[in-house]
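Numbers here are sequence positions counted from 1. In each ligand, atom 1 is the first atom listed, and ligand 1 is the first ligand listed. Computation of the quantities below employed the complete heavy-atom set of this structure, encompassing side-chain atoms and omitting hydrogens, waters and symmetry-equivalent molecules. Predicted model, so just to flag it, every value in this text is computed and none were measured.
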Amino acid sequence: MIKVGVLGARGRMGGEVCRAVEGADDLELAAAVDEGDALDALTAADVVVDFTHPGVVMDNLQWCVKNGLHAVVGTTGFDASRLDTVRSWLTDAPGNVIIAPNFGVGAVLMMHFAQKAAPFFESVEIVETHHPNKADAPSGTAHRTAELIAAARAEAGVAPSPDATTSGLHGARGSDVDGVHVHAVRLAGAVAHQEVLLGGHGEIFTMRHDSMNRASFMPGVLLAVREVAGRPDRLTLGIESLLGL
Ligand SMILES: NC(=O)C1=CN([C@@H]2O[C@H](COP(=O)(O)OP(=O)(O)OC[C@H]3O[C@@H](n4cnc5c(N)ncnc54)[C@H](O)[C@@H]3O)[C@@H](O)[C@H]2O)C=CC1
Ligand SMILES: O=C(O)C1=N[C@H](C(=O)O)C[C@H](O)C1
């Protein structure tokens, strides 16, 4: 039995994780913690899952690492500098960490395929659509997709996407992540959606993924919970390697 603690347990994702853990035969919900609760209850767990807020996740994760717990983190906001900090914490602590901007299997496949396809097209842009309660923009998934696409295009020696814009309203072209334009839509009724638009040579290839509900993230979260202790690396980014990609 793997004992699981959940941080952000009263939130949209944290609540879903608590229900998924309680429904799994090999997992036990050892602690459900939210803002204002003492973290000490989490020491009853083997693995802590964090779905909180980009502003608090670093403190939570440092506490988990210091207390020798394995951690599975879905909270967004991890840039290169934050990841380096996490690596430095892990040098003298026993736990492993998995940080993934998206636990949806389809979303992970979309990122993987987008990375493969991007060098074959002149232009690429990303449009993500989320519920209006989301704190960060663009989404962690869109940010990571853009980074992967930019790296693949740079490695293949592909020129920047053509863009003759010389004047326009601020923000009209979205944000620029390593040269890839990312547009963030916040829409009541939406959950989590992303399109990768690839264009050139008289054709447009659109890759689209839709998370219809938060249960869609649970197979990936539970996979990470089950595998984090046995990972060969102290810090694993994304669940691609857990899926054999
Ligand atoms: N990796 C993935 O597959 C997914 C990641 N996310 C990310 O997860 C994060 C949370 O998303 P939601 O669940 O929609 O947000 P939410 O706002 O519904 O839930 C966050 C919860 O964290 C709690 N919280 C805030 N500060 C805390 C602290 N210091 N200690 C413990 N709990 C604290 C809040 O009270 C709230 O209950 C966001 O960064 C979001 O982008 C969301 C969906 C999927
Ligand atoms: O806040 C959300 O809802 C989501 N956050 C993650 C992100 O920012 O990419 C994953 C998914 O898009 C849902």
Side-chain angles (χ1 to χ4, degrees), residues 5-20 31-42 45 48-64 67 69 71-79 82 97-111 114 126-148 175 177 182-196 208-225 228 236-240 242-243:
V6 178
L7 264 166
R10 292 196 287 274
R12 286 176 287 269
M13 282 298 289
E16 197 71 49
V17 174
C18 290
R19 288 186 284 281
V33 171
D34 204 281
E35 191 173 12
D37 299 337
L39 297 183
D40 293 350
L42 295 169
V48 173
V49 179
D50 185 301
F51 281 99
T52 55
H53 188 281
V56 302
V57 65
M58 286 298 275
D59 286 347
N60 287 342
L61 186 50
Q62 187 175 26
W63 186 92
C64 291
N67 282 274
L69 301 164
V72 170
V73 180
T75 307
T76 46
F78 282 88
D79 56 14
R82 282 188 169 200
V97 174
I98 296 175
I99 299 174
N102 203 310
F103 285 97
V105 172
V108 174
L109 288 168
M110 175 188 58
M111 284 190 261
I126 298 173
V127 184
E128 58 95 330
T129 303
H130 279 79
H131 57 93
N133 296 313
K134 185 164 176 56
D136 55 321
S139 72
T141 307
H143 199 278
R144 181 72 183 141
T145 309
E147 286 175 343
L148 293 170
S175 55
V177 179
V182 181
H183 309 267
V185 178
R186 295 294 171 262
L187 198 67
V191 179
H193 316 265
Q194 179 166 297
E195 284 188 357
V196 179
R208 182 179 173 97
H209 176 262
D210 297 279
S211 300
M212 312 305 289
N213 54 47
R214 291 178 180 83
S216 66
F217 301 107
M218 293 306 116
V221 172
L222 297 193
L223 175 68
V225 165
V228 63
T236 302
L237 297 183
I239 60 165
E240 288 83 344
L242 283 68
L243 297 172

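A heavy-atom cutoff of 4.0 Å around ligand 2 is satisfied by the protein residues Thr76, Pro101, Asn102, His130, His131, Lys134, Asp136, Ser139, Gly140, Thr141, Ala192, Phe217.
Of the candidates His53, Met218, Met13, it is Met13 that places a heavy atom closest to atom 44 (C) of ligand 1. The option with the heavy atom closest to atom 11 (O) of ligand 1, from among Thr76, Ile99, Thr75, Thr52, is Thr52. Across the listed options Asp34, Thr141, Val33, Asp34 owns the non-hydrogen atom lying nearest to atom 23 (C) of ligand 1.
Counting heavy atoms closer than 4.0 Å to ligand 1, residue Arg12 contributes atoms from both its backbone and its side chain. Under 4.0 Å from ligand 1, the heavy atoms of Val56 that appear belong solely to its side chain. When non-hydrogen atoms are compared, ligand 1 lies under 4.0 Å from the side chain of Phe217 (C-beta onward) but not from its backbone. Looking at Pro101 against ligand 1, only its backbone comes within 4.0 Å, counting heavy atoms. Here Leu7 has side-chain heavy atoms under 4.0 Å from ligand 1, and that is the only part of it that gets that close.
For Gly238 against Ala100, the heavy-atom pair with the smallest separation is CA-CB, 3.8 Å. Residues Cys18 and Ala32 share a closest heavy-atom pair of SG-CB, 4.2 Å. Closest heavy-atom contact between Arg208 and Asp210: NH2-OD1, 2.7 Å. Residues Trp63 and Asn67 share a closest heavy-atom pair of O-ND2, 2.8 Å. Shown here for Pro138 and Ser175, the closest heavy-atom pair between the two residues is CG-OG, 3.9 Å. Nearest heavy-atom pair, Phe217 versus Ser211, reported as atom, atom and distance to 0.1 Å: CZ-OG, 3.6 Å.
Judged purely by distance below 3.5 Å, without hydrogens or angles, the side chains of Thr145 and Gln194 pair a donor atom with an acceptor atom.
The only member of His183, His143, Arg186 that meets side chain to side chain donor-acceptor pair (under 3.5 Å) when paired with Glu128 is Arg186. Among Asn60, Leu42, Val72, the one residue that satisfies the side chain to side chain contact (heavy atoms under 4.5 Å, CB included) test with Asp50 is Asn60. For the side chain to side chain contact (heavy atoms under 4.5 Å, CB included) with Thr141, the lone residue among Ile126, Val108, Asn102 that qualifies is Asn102.
By the 4.0 Å heavy-atom criterion, Ala100 is counted among the residues contacting ligand 1. Residue contacts with ligand 1: Lys134 is included, with a non-hydrogen atom under 4.0 Å away. The shortest heavy-atom distance from Arg10 to ligand 1 is under 4.0 Å.
The shortest N or O to N or O distance between Gly74 and ligand 1 is under 3.5 Å. Between Pro54 and ligand 1, a contact under 3.5 Å exists for no N or O pair.
If you number the atoms of ligand 1 from 1 as listed, the ones under 4.0 Å from a heavy atom of Asn102 come out as 1 (N), 2 (C), 3 (O). Proximity to Gly11 (heavy-atom distance under 4.0 Å) selects the following atoms of ligand 1: 18 (O), 19 (O), 21 (C), 36 (C), 37 (O).
Under the rule for a side chain to side chain donor-acceptor pair (under 3.5 Å), the partners of Thr76 that lie at least two apart in sequence or sit in another chain are Asp136.
In this structure, CD on Glu35 lies 9.5 Å from NE2 on His53, to the nearest 0.5 angstrom.
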